[in-house]
Amino acid sequence: MPKALGEAQGKISGRIIIEQLIRNMELGQFEMAYSILAPCIFSLYLHPDDYTRLTGVFDLIRQDAKQALGARLAQWNAKPLGLGALRGSKDRKPYKIASKDWTFEFFPDSEGVVPLGDVEIHSELNETPQPGYHGTKTTLLDREPSVGSITGRAGVRPETRESGDRVYAEIRYEDDSGPQLYLMTQDEISVGRGGEGAQVSLALYTNDEVSREHLRVRRDPVQKRFVIVDKSMNGTWLNGNRLTRGVEETLPLKAHIGVAEVITLQFEARP
């Protein structure tokens, strides 16, 4: 949901924080053989002024957050209706959390990273991070995020992108959580909603018109060019022209990428 003007100017609310917790939980799913774990340990970093302003209501935010995340978990586990019920649910994996309850810890940002009106959320599946799971970090406002593998636990500030990491391109867009900036530091990234069975590099917070894995962008270091390939059901557009699904196309150094006619990505290669 787009932010109201007041929220974008530093008036972050409990509602926005809870929406971002739900978003983080959705993006941080960890699929196993017979079930899917959702994050349940959350560390929330706020600008010191926001932290001071909200200190007196953290317990109330925790109560609402537990109710909201529990409701979303129940929604995922609800029996399908219509055609879904006819297909049967024996192959559907249950969603659960690895702890007895949700944990939310609030911290003032001491590194000058989180601006007013933003929240940075780091999550884990349990108090002890699971092997192969790199945690999930989400932010709200338009700022350079950390990239790469990030792991964090309550009270411990996760690692951020080291200054030596090369940024090959930047992607600006606006999804349901507001304006975003993604920095491409790998030779290949996947883009989509993510979720069950689809781990993506750039997760878009939007409706299901966008596929879980919608498209891929690849950098060819030998030919010094970028290519894009559509992997979706509802299409990808490059500068207004629809791509043929599964066929790589050259991606200009500056381009508009339409994602299912829902979101436009502003792609720009960095020198």
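- The aromatic rings of W76 and Y95 are tilted relative to each other, their planes meeting at an angle between 30° and 60°.
- Considering every non-hydrogen atom in both P252 and N239, the closest pair reads CG-ND2, 3.9 Å.
- Side-chain contact between Q20 and E120: absent, with no pair of heavy atoms (C-beta onward) separated by less than 4.5 Å.
- Linking ILVMFWY residues whenever their side-chain heavy atoms come closer than 4.5 Å, directly or via other members, places V217 and Y168 in the same cluster.
- M25 and V200 fall into different hydrophobic clusters, where Ile, Leu, Val, Met, Phe, Trp and Tyr side chains are chained together by heavy-atom contacts under 4.5 Å.
- Taken from CD in E26 to CG in L69, the straight-line distance is 9.0 Å, to the nearest 0.5 Å.
- At least one side-chain heavy atom of L183 sits less than 4.5 Å from a side-chain heavy atom of R270.
- When atom types are taken as modelled, the side chain of D50 and the backbone of L116 share no donor-acceptor pair closer than 3.5 angstrom.
- Ring geometry for Y45 against H122 counts as perpendicular: the plane angle is over 60°, on a 0 to 90° scale with 30° as the lower cut.
- Counting non-hydrogen atoms of other residues, nucleotides and ligands closer than 6.0 Å to CD of Q67 gives a total of 12 or fewer.
- The salt bridge (Lys or Arg N to Asp or Glu O under 4.0 Å) contacts involving residues 249-268 comprise K254-E268, where partners must be two or more places apart or lie in separate chains.
- Hydrophobic clustering keeps V227 apart from V191 (ILVMFWY residues linked when any side-chain heavy atoms are closer than 4.5 Å, directly or through intermediates).
- Proximity of a side-chain donor or acceptor of D230 to a complementary backbone N or O of G246 within less than 3.5 Å is not detected.
- N24 and P39 get closest at one heavy-atom pair: O-CG, 4.4 Å.
- Side-chain contact between T185 and V167 is present, with at least one heavy-atom pair separated by less than 4.5 Å.
- Closest of all the heavy-atom pairs between F104 and R62 is O-NE, 2.8 Å.
- When the side chains of ILVMFWY residues are joined at heavy-atom separations under 4.5 Å, either directly or via intervening members, V229 and W237 end up in two distinct hydrophobic clusters.
- In plain terms, the two heavy atoms of A68 and I22 that are nearest each other are CB-CD1, 4.1 Å.
- With a 4.5 Å cut-off on side-chain heavy atoms, L215 and V259 count as touching.
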Worksheet entry | Pair Y51-V114, side-chain contact (heavy atoms from CB on, under 4.5 Å): steps then yes or no | CA-CA 11 Å; Y51 180 88; V114 182; over 6 Å; no
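- Between the side chain of S190 and the backbone N or O of S201 there is at least one donor-acceptor pair closer than 3.5 Å.
- Shortest non-hydrogen contact noted between P48 and D109 is CG-O, 3.5 Å.
- The two residues F226 and A269 have their closest heavy-atom pair at CE1-CB, 3.6 Å.
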Fill in: Verdict with reasoning, R53 to L46, per side-chain contact (heavy atoms from CB on, under 4.5 Å)
CA-CA 10 Å; R53 182 172 61 88; L46 298 166; over 6 Å; no
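- When atom types are taken as modelled, the side chain of K231 and the backbone of R216 share no donor-acceptor pair closer than 3.5 angstrom.
- One finds the CG atom of N126 at 12.0 Å from the CZ atom of F30 (value rounded to the nearest 0.5 Å).
- At least one side-chain heavy atom of D175 sits under 4.5 Å from a side-chain heavy atom of R23.
- Rounding to the nearest 0.5 Å places NZ of K96 at 6.5 Å from CG of L37.
- L238 is not connected to V247 by any chain of hydrophobic side-chain contacts under 4.5 Å among Ile, Leu, Val, Met, Phe, Trp and Tyr, and they are in different clusters.
- Using a 4.5 Å cut-off on side-chain heavy atoms (C-beta onward), L251 and F267 make contact.
- The CD1 atom of I257 lies 5.5 Å from the CG atom of L265; values are rounded to the nearest 0.5 Å.
- With hydrogens and angles disregarded, no donor-acceptor distance shorter than 3.5 Å links the side chain of N77 to the backbone of P94.
- The distance from the CD1 atom of I263 to the CG atom of L204 is 4.5 Å, given to the nearest 0.5 Å.
- Residues E170 and M184 form no side-chain contact, since every pair of their non-hydrogen atoms from C-beta on lies 4.5 Å or further apart.
- When the side-chain contact (heavy atoms from CB on, under 4.5 Å) test is applied to S211, the partners found at least two apart in sequence or on another chain are H214, S232, M233.
- Checking side-chain atoms of N234 against main-chain N and O of E209 turns up a donor-acceptor pair under 3.5 Å.
- The side-chain contact (heavy atoms from CB on, under 4.5 Å) test applied to D208 returns R193, not counting sequence neighbours.
- In this structure, CG on L44 lies 5.0 Å from CG on L21, to the nearest 0.5 angstrom.
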